[in-house]
Amino acid sequence: MTTPLSIPARPPRGRLAPSPTGALHLGNARSFLLAWLSIRSRNGTLLLRMEDLDHPKVKPVAARQALDDLRWLGLDWDEGPDIGGPHAPYTQTERVELYRETLERLRSEGRVYPCVCSRRDVENAQSAPQNGEDGQRYGNACRDRFPNYETAAAALPPGRLPAWRFRVEPGVRVFRDGFRGVQTRDVAAEDGDFTLARHPDGAGYMLAVVTDDHAMGVTEVLRGDDLLPATHRQLALYETLGWTPPEFIHVPLAVAEDGRRLAKRHGDTRISALREKGMAPEDVIGLLAWWCGWADWGKSIAPVELLSRFDLLSLEPRPAVIDRRVREWLAL
Ligand code: GLU
């Protein structure tokens, strides 16, 4: 009989990746709490990366506010823009050189092509895909259209630069999500070739997030399930680049009673607003824990008290709903 070799498990490395496009609300806070619990309950390391790439909605004060809100809730991180760490800088606008390198590699391997489609199409594809790209398949109009970037640039009016698009291989992609199980998607048929950069220095979400998660040694990505369709595109990039992807875990978002994404009309669910109203962070965490199915209604709980209760198998699979009871309790 042979003794199986025991391979010591690497401690997991996770990340909190806020985008400073608006204040943190209850829905984001829940995903961040779960990402924190998943890593902290296994003695892993957690980094915070500020995803502030050029986007019309990025607000500089929101970056500071996101850190303050997360700290106020009782969450912490081992590396980040405010504390540094071995993979500094932790702010995407300071990492553009790395994104340029990834793009250059893909370009030299013929995996991207210049695209002159309208600025609006391309800009939609820049931000995280929950903001627009999904549901609009790109018909690959610029694939094999220009012999090189310069020729594509010459087809545009002065002042406009071609984007770079990733050439997607045909076929169904399959991966096992840590919460949602087996997921399949035919990226070529459902999404088409997707934008990586608005211009050679204008890296977008897909290029940046894959480059960063790889460069920062992230082994686990736990985030809201609005990003589930984007994961297949990210996996296509990992495969092409020959990088090992992290484990992906997509958790239900918080939604309004009408099942829609949280918006201003559903009341002010920003963490900063709840704090200004005089709510204690433990009350907010208590609500998030109740939504997960790990605490009774109306309990005050600190994040550390949830470490022993964290279990993805018992996490409520339904979206967290801001219903009447929640609204009354939060005085929304
Ligand atoms: N920064 C992105 C967002 O706030 C999250 C990206 C990710 O988790 O991959 O939507």
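Counting convention: from 1, in listed order, for ligands and their atoms alike. Fair warning: this is a prediction, and the values are worked out from it, not measured in the lab.
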For Ser31 and Asn28, test the side chains for any donor-to-acceptor distance below 3.5 angstrom and give the result as yes or no.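 Note: Ser31 and Asn28 side chains miss the donor-acceptor criterion.
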
> If we ignore angles and hydrogens, is there a donor and acceptor under 3.5 Å between the side chains of Tyr90 and Asp82?
Replying inline: no

- Do Tyr205 and ligand 1 have an N or O pair less than 3.5 Å apart?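 Looking only at distances, the answer is yes, because the N/O contact criterion of under 3.5 Å is met.
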
For this session: Give yes if a backbone or side-chain nitrogen or oxygen of Ala17 is under 3.5 Å from a nitrogen or oxygen of ligand 1, and no if not.
Result: yes

Within 4.0 Å of some non-hydrogen atom of Arg223, the atoms of ligand 1 are 7 (C), 8 (O), 9 (O)

So the atoms of ligand 1 within less than 4.0 Å of a heavy atom of Val209 turn out to be 9 (O)

Using 30° and 60° as the class boundaries, would you call the ring planes of Trp164 and Tyr149 parallel, tilted or perpendicular? parallel

Among Gln92, Glu51, Met50, His250, closest by heavy atom to atom 6 (C) of ligand 1 is Glu51

* Val218 and His87: CA distance, side-chain angles, deciding distance, side-chain contact (heavy atoms from CB on, under 4.5 Å) verdict -> CA-CA 11 Å; Val218 168; His87 298 280; over 6 Å; no

Checking heavy atoms under 4.0 Å, the part of Leu227 that sits near ligand 1 is side chain

Under 4.0 Å between heavy atoms, the region of Arg15 that gets near ligand 1 turns out to be side chain

ring-ring contact (aromatic ring centres under 6.0 Å, His included) filter on Trp291, not counting sequence neighbours, yields none

Residue pairs meeting salt bridge (Lys or Arg N to Asp or Glu O under 4.0 Å), one or both in residues 281-306, sequence neighbours left out, come to none

